[in-house]
Amino acid sequence: MKDIFPPLSGPAWYGPYPENLVEFRGKLFFAANFEDGRRELWTSDGTPAGTGPLKQFPPLSGPIFSSSLTQLTPVGTRLFFVVNDETHGSELWVSDGTTGGTRLVKDIAPGQADSGAYNLKAVGGTLLFFRYVSATTTTPARNELWRSDGTDAGTVRVKDLGPDASLIFSQAIVGNTLFFALSDAAHGSELWKSDGTEAGTRLIKDIVPGPDSSNPFSLRAVGQHVFFTAAEASHGTELWRTDGTEAGTTLVADLIPGPDSSFPQLLAPIGGGLYLTTMDTANRSMRLYKLKNDTAGVQVKFVAPLPNSSIDPDTSLTITSSTVANGKLFLALTLQGMGPAPLDTQLWVSDGTNAGTKMLHHPLSLSDEFGSTLYTLDDRVLFSGRDDVNGLEPWVSDGTENGTRLLKDIAPGTASSFPRDFTRVGSKVFFVANDAVHGNELWLLPLVNALDGADTSVQP
């Protein structure tokens with residue numbers, strides 16, 4: 001769309017680039033954080049003339065930690081973000097999409113002190129966020145939950161979560177309720193929820209009573225329930241489900257009966273269920289399952305093995321990304337050796353049957369620092385893939401081998417453009433790529449006739 005940043009030396013995915021791409025009010029909004037310290041909120045309508053800064057924050061004087069503009073979070077007609085300025089420190093800001101309507105919400109930590117706002121989430125029509133409060137000579141560090149409607153008066157603390165509490169970054173939203181894992185001294189790491197009120201912010205169940213932890217993780221919303229993994233002595237790490245009540249928080253599948261763990265990895269939700277995998281240590285492979293959740297209860301059905309293609313006994317498999325398109329599961333399956341970089345990364349698809357579970361393409365990214373993106377686009381997925389001729393470039397797949405193909409060789413030859421951050425806005429898809437000339441910049445994929453086989457539709 002526009003050459004925003006000067007090219008820098010170093011790996012092609014490094015350096016300043018458009019960050020935090022989000023759709024808001026029919027346009028793209030993103031953060032531009034420059035090497036010289038400028039922070040800017042940008043917007044684009046898909047044309048070079050319509051791509052430019054909405055609000056500019058000049059460089060700060062002196063070294064100040066966390067000075068980037070970050071955490072763009074649309075909530076209805078408001079776009080929230082966090083940025084540090086000379087007068088207020090790092091605080092919560094909001095925009096209505098205009099320069100005049102972009103303003104500080106509240107100076108939570110008065111003066112140049114930082115508010116510590118992080119983990120912004122749109123829950124219903126309200127913003128919920130956490131605030132880290134640093135320790136002082138007289139008080140320990142603590143975490144707080146806050147909410148905001150975009151006004152000073154409507155930005156208030158919901159609950160003090162206590163000294164030395166820490167947030168675990170695995171969360172899910174069901175309706176107007178945020179489910180999250182929190183660790184504190186009294187309960188260890190357990191499952192919590194909040195509806196944005198103090199009374200409605202509480203521990204759901206202390207699965208492992210006392211200060212020991214069940215370590216809830218991999219939270220996935222399915223209908224009115226949240227599925228997650230948790231560990232306790234009788235069953236190991238297995239599959240759990242909650243409806244937000246203590247009584248309704250239960251183990252639902254012990255895939256390896258007894259105290260041994262199956263270590264399920266929860267993947268993308270689909271319809272009234274989700275996919276998950278477990279490790280098959282005997283074969284150094286994985287097992288794919290499909291879970292159905294309805295009034296009859298939870299049913300878990302084995303779908304297919306995900307085989308390890310290497311004979312090396314020191315290799316293992318992990319899933320780095322998954323999404324659902326047109327009723328099919330797409331996943332990035334990584335073959336890991338002893339080194340940090342993967343030996344192979346494969347794109348797989350499954351329709352929920354053994355026969356319909358197959359590898360579509362490989363390799364995807366073979367870097368230990370840059371992972372391939374899978375992005376649902378209607379009945380297809382966009383992803384970053386490579387072949388024998390081209391480096392890592394934007395690809396598309398409809399779940400068939402014939403429908404899995406390169407869109408455009410942005411960085412010519414075997415060089416890679418490292419496409420990422422695909423974001424749809426109406427009939428356009430924006431993403432970030434490096435053509436080896438301009439550095440990491442904003443690119444556009446128009447959807448009208450864009451996926452019919454011609455690569456000229458992908459525009460800088």
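Figure legend: R420 and Y17 shown as a cation-pi pair, the cationic atom lying under 6.0 angstrom from the six-membered ring centre and within 45 degrees of its axis.
Within the 4.5 Å cutoff, the side chain of L442 has heavy atoms near those of the L28 side chain. Contact annotation: the side chain of H438 never approaches that of I4 to less than 4.5 Å [non-hydrogen atoms, C-beta and beyond]. Counting only heavy atoms from C-beta outward, the side chains of T277 and I319 approach each other to under 4.5 Å. In this structure the side chain of D184 reaches within 4.5 angstrom of the side chain of W192, judged on heavy atoms. For the pair V429 and L377, the minimum side-chain heavy-atom distance is below 4.5 Å. Between S309 and Q346 the shortest side-chain heavy-atom distance falls below 4.5 Å. Contact check for L274 versus L291: side-chain heavy atoms found under the 4.5 Å cut-off. Taking the side chain as every heavy atom from C-beta outward, S67 and V83 never approach each other to under 4.5 Å.
A side-chain donor-acceptor contact under 3.5 Å links T201 and S194. Side-chain contact check for D114 and Y132: no donor-acceptor pair (N or O, by modelled atom type) lies under 3.5 Å. Using modelled atom types, one finds a donor on one side chain and an acceptor on the other under 3.5 Å when comparing D243 with T245. A donor-acceptor contact closer than 3.5 angstrom is absent between the side chains of R38 and N33. Counted by atom type alone, D398 and T400 present one or more donor-acceptor pairs between their side chains at under 3.5 Å. Side-chain contact of E91 with N84: a donor-acceptor pair under 3.5 Å is absent, judged by distance alone. Between the side chains of W146 and E144, a donor-acceptor pair is found at a separation under 3.5 Å. A donor atom on one side chain and an acceptor atom on the other are not found under 3.5 Å apart for S316 and Q336. Using modelled atom types and a 3.5 Å distance limit, the side chains of E441 and N434 yield no donor-acceptor pair. Between the side chains of T315 and N308, at least one donor N or O sits under 3.5 Å from an acceptor N or O. T229 and T237 are not linked by any side-chain donor-acceptor pair at a separation below 3.5 angstrom, with hydrogens and angles left out of the test. For the residue pair S397/T404, the side-chain donor-acceptor check at 3.5 Å is satisfied. Side-chain atoms of D344 and H362 include a donor-acceptor pair closer than 3.5 Å. There is no side-chain donor-acceptor pair under 3.5 Å between S189 and S213.
In the displayed structure, F57 atom CZ is contacted under 6.0 Å by more than 12 heavy atoms of other residues, nucleotides or ligands. In this structure, Q299 places its CD atom where more than 12 heavy-atom neighbours from other residues, nucleotides or ligands lie under 6.0 Å away.
Of the residues F302, Y275, F227, the one that meets the ring-ring contact (aromatic ring centres under 6.0 Å, His included) test with Y289 is F302. Each of K205, E190, E232 was scored for a side-chain hydrogen bond (donor to acceptor under 3.5 Å, both in side chains) with S214, with one residue passing: E190.
Salt bridge D351/K290: absent, no basic N to carboxylate O contact under 4.0 Å. Salt bridge K292/D294: present, at least one basic N to carboxylate O contact under 4.0 Å.
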Q: Check the pair V94, L79 against side-chain contact (heavy atoms from CB on, under 4.5 Å), reporting the backbone distance first and the verdict last.
A: CA-CA 5 Å; V94 70; L79 175 64; 5.9 Å; no
Q.
side chain to side chain donor-acceptor pair (under 3.5 Å), that's the test. Do S372 and S365 meet it? Break it down for me.
A. CA-CA 5 Å; S372 291; S365 175; 4.6 Å; no
Q.
Run the ring-ring contact (aromatic ring centres under 6.0 Å, His included) test on F422 and W443 for me, step by step, so that the C-alpha distance in whole Å, both residues' side-chain angles and the decisive distance to 0.1 Å come before the verdict.
A. CA-CA 10 Å; F422 297 106; W443 286 69; over 10 Å; no
Q | Verdict with supporting geometry, F5 and F34, ring-ring contact (aromatic ring centres under 6.0 Å, His included) | A | CA-CA 7 Å; F5 301 96; F34 293 86; 4.9 Å; yes
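Under a 3.5 Å cut-off, the side chain of W13 and the backbone N or O of F418 do not form any donor-acceptor pair. Between the side chain of S310 and the backbone N or O of D312 there is at least one donor-acceptor pair closer than 3.5 Å. A donor-acceptor pair under 3.5 Å links the side-chain atoms of D435 to the main chain of V437, judged by distance alone.
Under the 30°/60° scheme for interplanar angles, the aromatic rings of F24 and F29 are found to stand perpendicular. Ring-plane geometry between F130 and F180 is classed as perpendicular, the angle between the planes exceeding 60 degrees on a 0 to 90 degree scale with a lower cut at 30.
Considering all non-hydrogen atoms of both residues, N20 and L69 come closest at OD1-O, 4.3 Å. Smallest separation of non-hydrogen atoms from Y118 and G116: CD2-O, 3.3 Å. For the residue pair G26 and V425, the shortest heavy atom distance occurs at O-CG1, 3.4 Å.
Rounding to the nearest 0.5 Å gives a distance of 10.5 Å between CZ of F81 and CZ of R39.
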